[in-house]
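Have a look at the structure below before the remarks.
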Number of protein chains: 2
Amino acid sequence: MPPPPQAGLDGEPQQTAAAAQPHTGTGAGSTRERILDIALELFVEQGYEKTSLRDIAEQLGTTKAALYYHFERKQDILLELHLRLHALGRDAFEELARLEDGQRADAWPALVDHLIDQVVENRELILMHQRNSNALRELTDTERHRAENDDIEELFRRVLQSPAIPLEQRVRMTCSLTAIVGTLATGDAIFGDVPIEELAELVRVAVRDLLRVPEPSRATSS
Amino acid sequence: MPPPPQAGLDGEPQQTAAAAQPHTGTGAGSTRERILDIALELFVEQGYEKTSLRDIAEQLGTTKAALYYHFERKQDILLELHLRLHALGRDAFEELARLEDGQRADAWPALVDHLIDQVVENRELILMHQRNSNALRELTDTERHRAENDDIEELFRRVLQSPAIPLEQRVRMTCSLTAIVGTLATGDAIFGDVPIEELAELVRVAVRDLLRVPEPSRATSS
DNA sequence: GTCTATATTTCGATAGAC
DNA sequence: GTCTATCGAAATATAGAC
């Protein structure tokens with residue numbers, strides 16, 4: 001039974017396409033990148049599920065259907081943002097591998113320093129990650145291809161589970177990571193008036209105590 | 001134009017109601033409480049948005065419509081779970097108020113001890129909170145009535161913003177909170193084989209270093 | 001208190017013109 | 001590459017019998 005071919009309304013109002021701005025063809029600020037930037041912002045503000053493709057298209061100044069030229073599915077947008085996060089951790093990858101291999105826990109502080117910088121520079125991406133952990137999880141369920149030995153979280157987990165490192169130290173490492181991410185990424189609500197660099201430095205010093213890193217003028221009494 | 005009153009299918013298959021178990025009438029294990037317990041579990045596993053009322057009803061052994069006798073809207077289930085979390089923090093409320101009032105940062109370690117216990121005892125509730133922060137946020141937007149001066153998070157924020165406490169100390173406090181919640185609530189994936197009490201004790205000791213709490217056998221060299 | 005059946009809405013995704 | 005128009009599949013919520 002075909003539905004009434006009545007034109008005009010669908011319950012889903014199509015935009016009048018009034019705010020279409022011109023844009024460069026293909027480059028760093030390509031439409032694809034703009035979609036990702038807008039999606040990142042909306043996913044942080046409203047969450048992945050509550051952000052409809054219509055929301056994204058509206059801010060972009062186009063229509064829902066146009067998005068499907070750039071991304072096959074909505075999930076692919078989220079996947080692409082997830083890959084941005086992975087790209088970030090690539091640098092830390094070698095250090096992590098060294099840790100996993102040589103088991104030298106003294107390399108950890110350097111890694112922490114690096115991590116703090118990256119969290120500061122990519123707060124929005126981190127926020128997106130922790131506010132949409134559920135949506136991201138079912139992403140890796142679908143696309144297990146890339147996200148198995150590839151996932152940064154999985155990599156961290158493997159290091160933090162390494163039996164060669166004493167449990168106490170591993171707990172301190174985990175506390176460091178959660179403190180860094182939690183304080184620097186979500187910190188805006190609390191330390192909004194403090195420059196982020198100052199905040200990062202304070203976290204750096206605090207975490208040093210957490211990891212029991214001996215400072216120059218401090219005796220290492222067991 | 002009325003739709004065809006065709007019976008049978010709606011695209012939404014109704015359950016055959018085969019697994020209806022008997023239950024006590026009204027008490028601690030009432031239907032309402034069972035709904036909340038099931039919802040808590042599902043919200044942690046799948047997230048709030050991905051958990052349909054049909055999912056909850058299925059596990060309960062009833063139908064979707066039955067849930068509406070106990071809760072007017074889906075959001076009310078989430079709200080009730082949020083209130084459970086608030087009830088937890090009520091105990092810590094007085095200590096927090098003392099901190100806010102007297103500004104004595106030395107009361108903080110005791111509060112941390114209390115917090116660790118509560119996080120351990122209510123991991124699932126904490127997990128639900130941090131995995132559904134988006135859904136919870138739009139909850140407080142709607143029901144601003146209860147959740148203004150009432151919110152635990154807001155209370156913590158106020159303390160952590162208190163200008164009477166040095167910035168460095170406030171950062172260390174924030175790191176402590178995020179480390180405790182992050183490590184103990186999410187820790188299952190990493191420290192699944194370690195007894196939670198042992199883990200809690202290790203976190204307790206580590207956080208003590210983070211807060212620079214002088215231990216008995218340790219000199220306080222600035 | 002729980003059921004069946006249906007209303008209502010919104011969303012992701014597609015088809016085909018331009 | 002973007003548009004209009006529409007499909008089909010969910011989901012929330014309601015109505016009314018039992």
Side-chain angles (χ1 to χ4, degrees), chain A residues 1-26 30-35 39 42 46-58 60-79 135 138 142, chain B residues 1-27 30-35 39 42 46-58 60-78 135 138 142:
Chain A
M1 58 187 92
Q6 185 184 15
L9 57 99
D10 187 16
E12 199 165 351
Q14 291 294 331
Q15 305 89 337
T16 43
Q21 306 119 348
H23 61 283
T24 42
T26 59
S30 65
T31 304
R32 186 184 171 88
E33 294 297 320
R34 285 179 61 214
I35 292 173
L42 289 176
Q46 314 175 343
Y48 173 75
E49 286 92 353
K50 277 288 176 181
T51 300
S52 67
L53 294 178
R54 194 179 147 277
D55 289 336
I56 298 176
E58 214 164 57
L60 188 68
T62 60
T63 61
K64 218 174 28 169
L67 298 178
Y68 279 93
Y69 176 83
H70 300 277
F71 296 93
E72 279 195 9
R73 294 161 302 179
K74 184 190 178 186
Q75 273 205 331
D76 289 345
I77 300 180
L78 186 63
L79 175 62
E138 75 188 30
T142 309
Chain B
M1 59 189 91
Q6 185 183 14
L9 57 98
D10 186 16
E12 199 167 351
Q14 291 295 329
Q15 305 89 340
T16 44
Q21 305 121 348
H23 62 282
T24 42
T26 58
S30 65
T31 303
R32 186 185 171 88
E33 294 296 320
R34 285 179 60 215
I35 292 173
L42 290 176
Q46 315 175 341
Y48 173 75
E49 285 93 354
K50 277 288 176 182
T51 301
S52 66
L53 293 179
R54 194 180 147 276
D55 289 336
I56 298 175
E58 215 163 58
L60 188 68
T62 60
T63 61
K64 227 175 15 172
L67 297 179
Y68 280 93
Y69 175 82
H70 300 278
F71 297 93
E72 279 195 11
R73 294 161 304 178
K74 184 189 179 187
Q75 274 204 332
D76 289 345
I77 300 180
L78 186 63
E138 76 188 29
T142 309

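Mapping A:Lys50 and B:Ala66 onto DNA chain C by nearest heavy atom places B:Ala66 closer to the 5' end of the strand.
Looking at the side chain of A:Thr63, the nearest of the listed nucleotides D:dT4, C:dA13, D:dA11 is D:dT4. The A:Tyr68 side chain lies nearest to C:dG12 when the options are C:dC3, D:dT4, C:dG12. Nearest to the side chain of A:Ala65, among C:dC3, D:dT2, C:dT14, sits C:dT14. Minimum atom distance to the side chain of B:Leu53 is reached by D:dT12, of the listed C:dC3, D:dT6, D:dT12. Of the candidates D:dA11, C:dC3, C:dA13, D:dA11 carries the atom nearest the B:Ser52 side chain, counting heavy atoms from C-beta on. Considering only side-chain atoms of A:Tyr69, the nucleotide from D:dG1, D:dC3, C:dT2 that sits closest is D:dG1.
The nearest whole Å value for the distance from the CZ atom in B:Phe71 to the C1' atom in D:dT14 is 18 Å. C:dG12 atom P lies 13 Å from atom CG of A:Asp76, rounded to whole Å. We find that CZ of B:Arg54 is positioned 13 Å from P of C:dT4, with the value rounded to whole Å. As a whole-Å value, the separation of B:Leu67 CG from D:dA11 P is 13 Å. When the P atom of C:dT2 is taken as reference, atom NZ of B:Lys64 falls 16 Å away, rounded to whole Å. Protein atom CD1 of A:Ile77 is 14 Å distant from nucleotide atom P of C:dC11, rounded to whole Å. A:His70 places its NE2 atom 6 Å from the C1' atom of D:dG1, with the value rounded to the nearest Å.
Applying the salt bridge (Lys or Arg N to Asp or Glu O under 4.0 Å) rule to B:Glu72 yields no partners; only residues at least two apart in sequence or on another chain are considered. Under the rule for a salt bridge (Lys or Arg N to Asp or Glu O under 4.0 Å), the partners of A:Glu33 that lie at least two apart in sequence or sit in another chain are A:Arg84.
No side-chain heavy atom of A:Tyr48 sits less than 4.5 Å from a side-chain heavy atom of B:Glu49.
With values rounded to the nearest 0.5 angstrom, B:Leu67 atom CG is found 6.5 Å from B:Leu60 atom CG. Of the inter-residue distances, the one linking A:Arg34 atom CZ with A:Ile56 atom CD1 reads 13.0 Å to the nearest 0.5 angstrom.
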